[in-house]
Chemist: 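Please find one structure pasted underneath; my questions will follow.
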Number of protein chains: 2
Amino acid sequence: MTLKVQAAESRIEQLCIEHGLKMTGQRRVIARVLSEADDHPDVEELYRRALVLDSRISVATVYRTVRLLEEKGILERRDFGGGRARYEATEHGRHHYHLIDVDNGKVIEFEDPEHEAFMMKVADRLGFEFVSMRLELFGKKRQPASKAPGKTTPRSRRKGDQT
Amino acid sequence: MTLKVQAAESRIEQLCIEHGLKMTGQRRVIARVLSEADDHPDVEELYRRALVLDSRISVATVYRTVRLLEEKGILERRDFGGGRARYEATEHGRHHYHLIDVDNGKVIEFEDPEHEAFMMKVADRLGFEFVSMRLELFGKKRQPASKAPGKTTPRSRRKGDQT
DNA sequence: CTACGTGCAAAAATTTTGCTTACCG
DNA sequence: CGGTAAGCAAAATTTTTGCACGTAG
């Protein structure tokens, strides 16, 4: 019996093809990494994950690729306040939003089905065709039941932010 | 009769004082620039405007100040896709949102009175105390009644973005 | 075959910082 | 006065690019 050796195209690769992009080995790898990510990796993280699958990829290519995919509407860029852009796949018709814990940078996702529809209506009313949106909510965890606040903010380029 | 020679504190300066910040000449200038801005200037633009009022201000100070004010919740940082952070004064209880024209970077503001209340409820439901939020809508101007699309995107660090 | 993609390293752009001096409270 | 802020220039980061070469279609 023959094995199917990873023949399946990743979801993002599929989208790339639909958009008529030339599929190079690197793009396939990056597409796969993106397809499998269920968090919000920045370029450096994408690069790291891509390297595992294919060691001859350069950061430059990752940058070029995310920019391309963003322009095509396949990816969306986020800014959760860490100074570096984070990416996630676009989910048409089913947007989710982000609640960022300002104390530790953790990101919680939530949905609101009516919200996107409402935004589309807003765009329409203003004479625009909806392209995409971003909604970020910043908050502090409630429940001050114990310790002191604690200024836990190491003031420097934080490499390892969460989710 | 004596003239009131700019004795009035700017709104932002007022807030700084309430937050117990030491008011230096530079901060006063930057606070004033921010108070008078009705757009979304980036650091470089703030620096330019501050220089007009006081020539001995350095960019470093502008960076340090916006960071400080953002931490205090007096300012909010925005990302309209130009690669540089933009700032605007926080308006508690009356958030407005941004619709960015993806073709030319122009920003249109709009409001939705119920929206912030709704977001606060969401935060609360998730166990968080609302700190702030951001909502950005990206769209293309409708009405393709004339010319061709036109790839009007000079691909490089664009210095002069709109609004 | 040819246009487009990639690697590499250098360049550009943005933001942060170390250190000394200035100045608010 | 004492501690914080500012200036200046250097450093750190993040992102883009020029060029020679590789490759998808």
Side-chain angles (χ1 to χ4, degrees), chain A residues 9 13 16-31 41-48 50-51 53-72 75 77-87 153-161, chain B residues 9 13 16-31 33 41-48 50-51 53-72 75 77-87 151 153-161:
Chain A
E9 289 157 356
E13 182 180 345
C16 289
I17 293 170
E18 287 169 20
H19 280 266
L21 300 181
K22 188 186 276 191
M23 287 315 293
T24 64
Q26 291 89 327
R27 285 191 183 165
R28 228 182 302 275
V29 168
I30 295 171
D42 55 41
V43 169
E44 197 181 306
E45 180 59 28
L46 288 172
Y47 176 52
R48 235 187 324 260
L51 273 184
L53 304 182
D54 182 341
S55 56
R56 43 185 190 153
I57 283 185
S58 76
V59 223
T61 298
V62 179
Y63 272 106
R64 286 191 268 234
T65 304
V66 293
R67 185 160 80 183
L68 177 67
L69 299 203
E70 194 197 349
E71 283 169 1
K72 294 295 182 183
L75 278 190
R77 184 154 44 90
R78 307 288 181 213
D79 167 26
F80 294 158
R84 305 181 302 290
R86 324 262 295 249
Y87 294 88
T153 317
R155 189 54 63 228
S156 49
R157 294 293 231 230
R158 27 309 196 222
K159 278 281 174 187
D161 261 12
Chain B
E9 290 156 357
E13 182 180 345
C16 289
I17 293 171
E18 287 169 21
H19 280 265
L21 299 180
K22 186 188 276 191
M23 287 314 294
T24 64
Q26 291 87 332
R27 286 194 182 163
R28 229 183 301 275
V29 168
I30 295 171
V33 167
D42 55 41
V43 169
E44 198 182 307
E45 179 60 28
L46 288 173
Y47 176 51
R48 235 188 322 261
L51 274 184
L53 304 181
D54 181 340
S55 57
R56 62 212 158 131
I57 283 186
S58 76
V59 223
T61 297
V62 179
Y63 272 106
R64 284 192 268 237
T65 303
V66 293
R67 184 159 81 182
L68 177 68
L69 299 204
E70 193 197 352
E71 283 169 2
K72 294 294 182 184
L75 278 189
R77 186 154 43 90
R78 308 286 181 216
D79 168 25
F80 295 158
R84 303 180 304 291
R86 324 260 297 246
Y87 293 88
K151 200 177 173 57
T153 317
R155 191 54 61 226
S156 48
R157 293 296 230 232
R158 23 318 195 214
K159 279 281 175 187
D161 261 12

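Residue numbers begin at 1 in each chain, while the letters A, B, ... track the order of the sequences.
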Chemist: Sequence neighbours excluded, which residues qualify as side chain to side chain donor-acceptor pair (under 3.5 Å) partners of A/Arg28?
Modeler: A/Glu13
Chemist: Could you state the CZ-P distance from A/Arg84 to C/dT14, rounded to the nearest angstrom?
Modeler: 18 Å
Chemist: What are the residues of residues 56-64 of chain B, sorted by number, that bring a heavy atom to within less than 4.0 Å of DNA chain C?
Modeler: B/Ala60, B/Tyr63, B/Arg64
Chemist: Take the C1' atoms of the five end pairs on each side of the helix from C/dC1-D/dG25 to C/dG25-D/dC1, derive the two axes, and give their angle rounded to 10 degrees.
Modeler: 50°
Chemist: Just how far, in rounded Å, is P of C/dC8 from CD of A/Gln26?
Modeler: 10 Å
Chemist: Between C1' on D/dA24 and NZ on A/Lys22, what's the gap in Å once rounded to a whole number?
Modeler: 5 Å
Chemist: State plainly whether the residues B/Glu45 and B/Arg48 are in salt-bridge range, i.e. N to O under 4.0 Å.
Modeler: yes
Chemist: Provide, to the nearest angstrom, the distance between the CG atom belonging to A/Asp42 and the C1' atom belonging to D/dT15.
Modeler: 13 Å
Chemist: State plainly whether the residues B/Arg56 and B/Asp54 are in salt-bridge range, i.e. N to O under 4.0 Å.
Modeler: yes
Chemist: So, is B/Thr24 close to the D/dA6 phosphate, meaning a side-chain N or O under 4.0 Å from OP1 or OP2?
Modeler: yes
Chemist: Measure NZ/A/Lys72 against C1'/C/dC4 and give the value in whole Å, please.
Modeler: 13 Å
Chemist: Can you check the A/Arg67 CZ to D/dT14 P distance for me, whole Å?
Modeler: 18 Å
Chemist: Taking CZ from B/Arg28 and C1' from C/dC23, how many angstroms apart are they, rounded to a whole number?
Modeler: 12 Å
